[in-house]
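All remarks here apply to the structure that follows.
Below, each value reflects all heavy atoms present in this structure, side chains not excepted, and no hydrogens, waters or symmetry copies.
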Amino acid sequence: MKASEDSRSLRFFETVLELKEMHSGLGLTLLSVAVLTVPIPAQPVPETFTLNVPDGPISSKSGSSISLLCQVSPTFNIEPFEVKWYRFDEVNKPTLWYKDHKIQEAIMDPRFKGRVSLTGGLERGIASLRLERVTLEDSGEFVCYINNNNWYEKTCVVLAVSVIGSQPVISVAEARGGGQVNVTCSSEGWSPQPKVTWRNKEGTEITNGQEVQNTTDSQGLVSVSSWLLFSPSESDWLSCIVFLSDEWKTEGRILPVLPGGDYKKGFTVNQVLLVVLPVLFLVIIICALCFIIVFKRKGQIDQGLNVAETKRLIKENPVQSPANQTTSDNKDKLEENPVQSPANLTTTDNKDKPEENPVQSPANLTTIDNEDKPEVQSPANLTTTDNKDKPEGNTVQTPANPTTADNQVDLQGPENPVQSPANLTTTDNEDKLEDLLLGKKVKEEHITTDAKTASLAIRLSQKGKRVQYVKAKDKPDLQQSIHVLGNKGFDSGQHYWKVKIQDDDRKEEKLAWYLGVTKENAQCPLTPQNGFWVLFYEKEVGLHVYVDSVKTPTRQTTPTTVCVFLDCDKHTLSFYDADSGSLLYTFNDVKTTDTLYPVFSPGKRDPQPLKIY
């Protein structure tokens, strides 16, 4: 066959050379066509071959994707061959089986269906296994087997899956004597066993007095605890780092100070602020209360002065007879503003009050709703001036009807009726709350949760408004983050929503939770660098956030209701205590081109739910 092809190619070239002598341009063109049409012989399949795989284990993080390399040597097309991947001790349950130019899914291991594929290109002799969403159970040996009916080879590839544990929880306890504290750092859910290191503010590792304890649960995950004795005056803060490598690590920080602690070696700046700020806040509240009390008392004094002024005006403007009564600068008629008798004085509701403004007596004031004012008047009819020329003497107050404007009753007509205490209006309470929290009018978002984004250990109820942690009995809890996203996303404008953390009728305190916003496809850990802007709470630590991947404590208050305010235009995210109106924390650099979604987590330390308003 090969000789026949070479002979046909030779005749073709001879024809081209003859045509070239006739016309050089035409000859060159035909020469190019001939070169392109000459078939390239296929690379022969060797009788034997070997397989090349990595020498050592391949490491991967839980939840990621990995490729296990397997390549024939020498290189040739293995598309007609049989390719099989299987676990070392499960030959009859292949992870992936390729035969007759297609994947044979019928007998594949169900654990890997939808997660495996061949990659690299069989035509180039590469039959690598691509494994998606790696789990801890995938750890172990995988066998690569290639067969062409005349010869076969197989070899092993070792996969080592690592699981990154939880963020370290650091606590401080009083030590016996010496002015030192016992600082404990704990983290759970690691595989393999992690290492722990302590560092001070300057980044120097602390090794004196450090002890470490490891425990393994039924799923093979390791929990680690480390503690050391530390003098609070040696550094402003301590850092506990739990890690598998330089890339796979978590870190927590704490101020090593006991609440109310008094150390002989003095106080740090942060300790002084922890004492001064609450005292300053208390002084501000007391001053505000004193101002309110003084303002109310001043109003009562002004009210008493206005009563005295009313009596004086009545004496200076006695009831006049019909023959002598005139007070008009604009020569108004006597019937327009009659002075009513103290015995028969009535006032009508604002809807039916006539245009007159009678001088009312303090003794006999009555109110008639939705009725016309009777025209019983005294023999003398005192008129008032037109609104433009009304003298100040015609502004009269009664003790029963103080007004809300400058403590005066303007007797101009229906625009300024005399009000009773029952008719005074106040600002709506909800408006006051919004102004207090946000400083502006922003419509509250009514958000529910998106069940498709919920972690396996979360239960949703009350139409997605109630979020509760429920650990499955028959499944290991391997998830690092337990949360669910909201059903709405935002990329512009201002938005806020409220979350109830602690019910008033519950005595048990909620031990952990976190709230905030995130991008749709953000990955752990929960830091702004990875697309999570969240406020955390843990009972031992209090409120804290992550700044530059470092745990940073915030205010020490524990709110029962949290208001989350997102300003996409200013790139800020603020958290408020909805009950007191105090600011808990603000992220000032929430810059992203992606849509931001609310995130809700009830934590995984107690079953108490979060409730979304």
Side-chain angles (χ1 to χ4, degrees), residues 166-167 169 188-189 444-490 495-527 530-539 541-546 557-566 573-579 584-585 587 595-613:
S166 62
Q167 292 288 341
V169 176
E188 59 184 13
E444 182 177 1
E445 300 289 346
H446 296 285
I447 295 175
T448 61
T449 55
D450 185 358
K452 295 183 293 184
T453 65
S455 303
L456 297 178
I458 281 185
R459 175 184 295 169
L460 304 176
S461 58
Q462 296 181 1
K463 297 182 179 180
K465 290 285 189 177
R466 190 172 185 266
V467 183
Q468 183 180 14
Y469 170 71
V470 179
K471 185 174 182 179
K473 296 181 179 179
D474 56 343
K475 296 181 180 179
D477 185 5
L478 301 179
Q479 292 180 296
Q480 300 303 311
S481 303
I482 306 297
H483 61 241
V484 62
L485 303 186
N487 66 328
K488 292 182 180 180
F490 310 105
H495 315 272
Y496 83 93
W497 54 94
K498 298 178 184 176
V499 181
K500 188 72 173 180
I501 304 297
Q502 180 79 29
D503 286 338
D504 297 333
D505 56 348
R506 287 184 177 268
K507 296 182 180 180
E508 302 86 5
E509 180 183 359
K510 184 151 185 63
L511 302 179
W513 52 266
Y514 59 85
L515 302 170
V517 298
T518 181
K519 297 186 291 187
E520 185 175 8
N521 297 319
Q523 300 292 329
C524 295
L526 310 181
T527 62
N530 291 335
F532 284 91
W533 293 268
V534 292
L535 175 69
F536 296 85
Y537 174 78
E538 294 177 16
K539 179 176 175 57
V541 182
L543 294 174
H544 57 277
V545 297
Y546 282 92
T557 58
T558 304
T560 59
T561 303
V562 175
C563 176
V564 185
F565 176 51
L566 174 64
L573 177 67
S574 300
F575 301 88
Y576 292 87
D577 184 336
D579 297 323
L584 302 176
Y585 188 79
F587 288 99
T595 301
L596 295 175
Y597 292 85
V599 59
F600 310 94
S601 173
K604 53 180 180 178
R605 299 180 58 183
D606 61 73
Q608 295 190 40
L610 299 180
K611 295 182 180 179
I612 307 171
Y613 281 87

request  = Evaluate the side-chain proximity of Pro598 to Leu515: yes if any heavy-atom separation is below 4.5 Å, no if none is.
outcome  = no
message = Looking only at side-chain N and O atoms, does Gln167 offer a donor or acceptor that is under 3.5 Å from a partner on Tyr546?
response = yes
inquiry  = Once rounded to the nearest 0.5 Å, what's the spacing between atom CG of Leu526 and atom OG1 of Thr518?
reply    = 8.0 Å
request  = Write down the atom of Cys524, the atom of Ser481, and the distance for their closest heavy-atom approach.
outcome  = SG-OG, 2.9 Å
request  = Compare all side-chain heavy atoms of Cys563 with those of Tyr496 and state whether any distance is below 4.5 angstrom.
outcome  = yes
request  = Would you mind reporting whether Val499 and Phe600 have side-chain heavy atoms less than 4.5 Å apart?
outcome  = yes
query = Does CD in Gln523 sit with more than 12 non-hydrogen atoms of other residues, nucleotides or ligands closer than 6.0 Å?
reply = no
query = Quick one: does Pro602's side chain get under 4.5 Å of Gln468's, heavy atoms only?
reply = no
task = Flag the pair Lys488 and Asp450 as a salt bridge only when some basic side-chain nitrogen lies within less than 4.0 angstrom of an acidic carboxylate oxygen.
result = no
Heavy-atom pair with the smallest gap, counting every atom of Phe587 and Val534 = CZ-O, 3.6 Å
task = Determine the interplanar angle of the Phe532 and His483 rings, folded into 0 to 90°, and report it as parallel if under 30°, tilted if 30 to 60°, perpendicular if over 60°.
result = tilted
key: Validation row, ring centre Phe536 to ring centre Tyr514 under 6.0 Å   = yes
message = Within this structure, what is the CZ-OH distance for the pair Phe565 and Tyr576, rounded to the nearest 0.5 Å?
response = 6.5 Å
request  = Starting at OG1 of Thr560, measure out to NZ of Lys510 and round the result to the nearest 0.5 Å.
outcome  = 13.5 Å
query = Of all heavy-atom pairs between Lys500 and Thr561, which one has the smallest distance, and what is that distance?
reply = CD-OG1, 3.2 Å
remark   = Rounding to 0.5 Å, atoms OH (Tyr613) and NE2 (His446) come to a distance of 12.5 Å
ask   = Do Leu511 and Trp513 have side chains that get closer than 4.5 Å, going by heavy atoms?
value = no
query = Quick check: are there more than 12 heavy atoms from other residues, nucleotides or ligands sitting under 6.0 Å from CZ of Arg459?
reply = no
message = More than 12 heavy atoms of other residues, nucleotides or ligands under 6.0 Å from NZ of Lys539: yes or no?
response = no
remark   = Note: Val599 and Val517 closest approach over all heavy atoms is CG1-N, 3.7 Å
query = Quick one: does Asp606's side chain get under 4.5 Å of Tyr469's, heavy atoms only?
reply = no
From CG (Leu543) to OH (Tyr537), nearest 0.5 Å = 7.5 Å
Heavy-atom side-chain proximity of Ile447 to Asn487 below 4.5 angstrom = yes
inquiry  = Using a 3.5 Å distance criterion without hydrogens, assess whether the side chain of Ser601 forms a donor-acceptor pair with backbone atoms of Gly603.
reply    = yes
request  = Any chance you could measure Ile501, atom CD1, to Leu610, atom CG, to the nearest 0.5 Å?
outcome  = 5.0 Å
ask   = Side-chain contact, heavy-atom cut-off 4.5 Å: Thr453 with Val484?
value = yes
